[in-house]
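What follows is a set of notes on a single structure, which appears directly below.
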Amino acid sequence: MTTPSTPRGSMSKSLKVTFTLLSAALAFVAGVTLFGDNIRKHFGATCGALAGSPDVVARQKTLRSFGANSEYDGASSSPSLPRKSMQHFNPGASEPAISPSYPVERLAPNAYTRTADDALSTFAVDVDTASYALFRRAVQNNRLPSAHTVRVEEWVNYFRYRVPEPAPGEGAFHVALEAAPSPFTPSQHILKVSLQGRHVAQAQRKSTHLVFLVDTSGSMSGTDRLELAKTSMKLAVAGLNPTDTVTISTYAGDVRTVLDTTPASQRKHIESVIDELSSGGGTAMGSGLELAYQHAVRMAGANRVSRVVVLTDGDTNLGRNQTADSMLESISRYVKEGVTLSTIGFGMGNYRDDLMERLANKGNGNCFYIDSEREARRVFQEQLGGTMEVIAQDVKIQVEFDPAAVRGYRLLGYENRAIADKDFREDAVDAGEIGAGHTVTALYELDLTGEGSTVATVRVRAKKPGDSEVSEQRFALPRNRVRESLTRASSDLRFAVAVAGTADLLRGTAPTDDRGFSRIHSLAEDAVDGQEDRAEFLTLLGKLRALMSPRVANSNTY
């Protein structure tokens, strides 16, 4: 039987095609090997970033993790040795895309510090609460918040604590100090530092000028965005004094003023203008900020509070100032004129939490997130006086630990509020602002030696609003006032520790097993004290426990 032969020309052509394809494949592999990093960077990620590599996502110092002990990580229980950090429970999972214009700064949690090396801890106050409200919104929608949105100090300061008012002649602040054994690590104690600002009655408040800058772009459409922003503005106007004034500007594809400066007494007219707002177009946030600040500066003065209030879903893609840096530079020009800034966030998806916080910090103001009418009432009714009436500027706190009494310590949160110890009395260094009646709380982990007479000395340094006069107050915690057991500690300390522990779970700096959740839940449950916000936290904690189970942790992250 004769086998059919293959034509010589066809075989030659087939070999050439095969050789060409093989050469192309080898060239592609070589190209990726040599230039892969640049190619991946061009498309916005490296393989390490996609895998959640800590070398790419964040370079973290070794730290003593909150509540960690030998039964969790096998580390020595000796307080003289810092423990390694826990890897995040779900590194790099499904986090929202962030525009290159708004880089997310992922600060490593504060490291455990030996008192012999550095006895001073210095930071600026922070009364923002956006991080906790974002967590609540995510969990209520069966999602986990992204780790970079979790800021421990904002969680702790979301809740109310009982702190005595400043005594007559004491100054603008009173600081309450309390320490007790840690519920997580037997060898440690927890120190709670709570600063209370003096209250100012509504009738005694300075005249206020509010410039509402409303995002009316297409992305603001919806009941949880523009409609909720309208409700928020109406609540704010209802809480103003008749002598206060309001201006409303909007930004979308362009910017415009829809309400010129109007007395708050004309409430019906102001509300009618608010009702007419509608969404559509692009997002010229940068240009809108400039217009709002121009209105605010014209009304600023020694006897008047002038504040810009931005209400937005945080997205920005059009306008003169398109990047975060350019908007921050624009804001800095107006801060010296006495104008403050509040950023109010709405909605999810394209919300730029990092941008809103940076803008508020640069604008000497506050950052809030509103997920419901109830939260709007909290911000614009219950906290209106504190939000509008600043009683002290550039408020710095410095805690000095006695090396004889404290072997080491760690501050929980405030990573982006850290100030160099040498700058505590450098009054040109910018710091946080405190509003009337505001409370600021910070927590420390401590390793006590059992010796010494004084655990810590707290100093508070601040300026009067619009004045160069600086005052400094001093408070101390003697060692004999440290609680002997956690059961003798206040419910405020126990609840604050439970909240901070939960935040550390989500940041990946504490174990995520059931033992940790059980301890936190028990701690919080015994410290609710009939407060609605605390009871809600317990409910959220139960949902969070389910969401962080291995079955769902890989797919449900905001």
Checklist entry - Heavy atoms, side chains only, cut-off 4.5 Å: are Asp430 and Asp394 in contact? => result yes

Next on the checklist: The test is side-chain contact (heavy atoms from CB on, under 4.5 Å); show your working for Glu357 and Ser131 and say whether it passes.
Outcome noted: CA-CA 9 Å; Glu357 191 205 13; Ser131 177; over 6 Å; no

Next on the checklist: Checking ring pair (Phe, Tyr, Trp, His ring centres under 6.0 Å) between Phe537 and each of Phe495, Phe135, Trp155, which is the one that passes?
Outcome noted: Phe495

Checklist entry - Can you check side-chain contact (heavy atoms from CB on, under 4.5 Å) on Phe517 and Leu505, steps first, answer last? => result CA-CA 9 Å; Phe517 271 112; Leu505 289 179; 3.9 Å; yes

Item to check | Check: Ser342 side chain, Gly365 main-chain N or O, donor-acceptor pair, under 3.5 Å | outcome: no

Next on the checklist: Could you measure the distance from the CG atom of Leu412 to the CD atom of Glu153? Nearest 0.5 Å is fine.
Outcome noted: 10.0 Å

Checklist entry - Do Leu493 and Arg483 pass the side-chain contact (heavy atoms from CB on, under 4.5 Å) test, and can you show the C-alpha distance, the side-chain angles, and the key distance before you say yes or no? => result CA-CA 11 Å; Leu493 183 146; Arg483 311 289 189 191; over 6 Å; no

Item to check | Residues Tyr409 and Ser121: side-chain donor-acceptor under 3.5 angstrom | outcome: no

Next on the checklist: When you compare the side chain of Asp244 with that of Arg205, does any pair of heavy atoms fall below 4.5 Å?
Outcome noted: yes

Next on the checklist: What's the separation between atom CD in Glu451 and atom CZ in Arg479, rounded to the nearest 0.5 Å?
Outcome noted: 6.5 Å

Item to check | Ser518 and Arg545: side chain donor to acceptor below 3.5 Å | outcome: yes

Checklist entry - Is there a donor-acceptor pair under 3.5 Å between the side chain of Asn480 and the backbone N or O of Ser453? => result no

Checklist entry - Does the side chain of Glu415 reach to within under 4.5 Å of the side chain of Val152, using non-hydrogen atoms? => result no

Checklist outcome for this item: From the list Asp126, Thr129, Asp353, side chain to side chain donor-acceptor pair (under 3.5 Å) partner of Arg151 resolves to Asp353

Item to check | Whether Gln196 side chain and His174 backbone form a donor-acceptor pair below 3.5 Å | outcome: no

Checklist entry - OG1 of Thr502 to CG of Leu541: how many Å apart, nearest 0.5 Å? => result 5.0 Å

Checklist entry - Which heavy atom of Asp128 sits nearest a heavy atom of Arg417, and at what distance? => result OD2-NH2, 3.8 Å

Checklist entry - Thr340 and Glu433: side-chain donor and acceptor closer than 3.5 Å? => result no

Checklist outcome for this item: When every non-hydrogen atom of Arg481 is compared with those of Leu177, the smallest separation belongs to NH2-O, 4.0 Å

Checklist outcome for this item: Rounding to 0.5 Å, atoms CD (Glu525) and CG (Leu523) come to a distance of 10.5 Å

Item to check | 4.5 Å side-chain heavy-atom contact, Val163 and Leu195 | outcome: no

Next on the checklist: Just so I know, are the side chains of Asp427 and Arg461 near enough to count as touching, which here means a heavy-atom distance under 4.5 Å?
Outcome noted: yes

Checklist outcome for this item: Which of Thr343, Ile344, Leu355 passes side-chain contact (heavy atoms from CB on, under 4.5 Å) with Cys367? It is Thr343

Next on the checklist: For Asp421 versus Asp118, what's the shortest heavy-atom pair and its separation?
Outcome noted: OD2-OD1, 3.1 Å

Next on the checklist: If I compare all heavy atoms of Leu443 with all of Ala500, which pair ends up nearest, and what's the gap?
Outcome noted: CD1-CB, 3.8 Å

Checklist entry - Backbone N or O of Glu373 within a donor-acceptor pair of the Thr231 side chain at under 3.5 Å? => result no

Next on the checklist: Could you measure the distance from the CZ atom of Phe401 to the CG atom of Leu477? Nearest 0.5 Å is fine.
Outcome noted: 10.0 Å

Checklist entry - Is the Lys NZ or Arg CZ of Arg137 less than 6.0 Å from the centre of Tyr369's six-membered ring, within 45° of the axis? => result no

Item to check | Arg307 and Thr208: side chain donor to acceptor below 3.5 Å | outcome: no

Item to check | Distance-only donor-acceptor check, side chains Ser194 and Thr441, under 3.5 Å | outcome: yes

Checklist entry - Can you find a heavy atom in the side chain of Tyr112 that is under 4.5 Å from one in the side chain of Asp447? => result yes

Checklist entry - Taking it one step at a time, do Leu547 and Arg143 satisfy side-chain contact (heavy atoms from CB on, under 4.5 Å)? => result CA-CA 7 Å; Leu547 286 170; Arg143 299 276 184 171; 5.8 Å; no

Checklist entry - Among Thr487, Asp526, Ile190, which residue meets the side-chain contact (heavy atoms from CB on, under 4.5 Å) test with Arg494? => result Asp526

Item to check | Heavy-atom side-chain contact between Ser491 and Arg534 under 4.5 Å | outcome: yes

Item to check | Gap between atom OG1 of Thr223 and atom NZ of Lys230 - 0.5 Å precision | outcome: 12.0 Å

Next on the checklist: Do Glu445 and Leu411 make a side-chain contact, defined as non-hydrogen atoms from C-beta onward lying under 4.5 Å apart?
Outcome noted: no

Item to check | Contact summary for Phe475 and Glu170, nearest pair of heavy atoms | outcome: CE2-OE2, 3.3 Å

Checklist entry - Is Gln473 reaching over with its side chain to a backbone N or O of Phe173, donor-acceptor style, under 3.5 angstrom? => result yes

Item to check | NZ/NE/NH1/NH2 to OD/OE distance under 4.0 Å, Arg136 and Asp533 | outcome: no

Checklist entry - Which pair of heavy atoms, one from Ala264 and one from Asn241, lies closest together, and at what distance? => result CB-O, 3.5 Å

Checklist entry - Does Tyr414 use its side chain to pair, donor to acceptor, with the backbone of Asn110 at less than 3.5 Å? => result no

Item to check | Neighbour count above 12 (heavy atom, 6.0 Å) for Asn303 CG | outcome: no

Checklist entry - Between Ser182 and Thr185, is there a donor-acceptor pair closer than 3.5 Å when you use the side chain of the first and the backbone of the second? => result yes

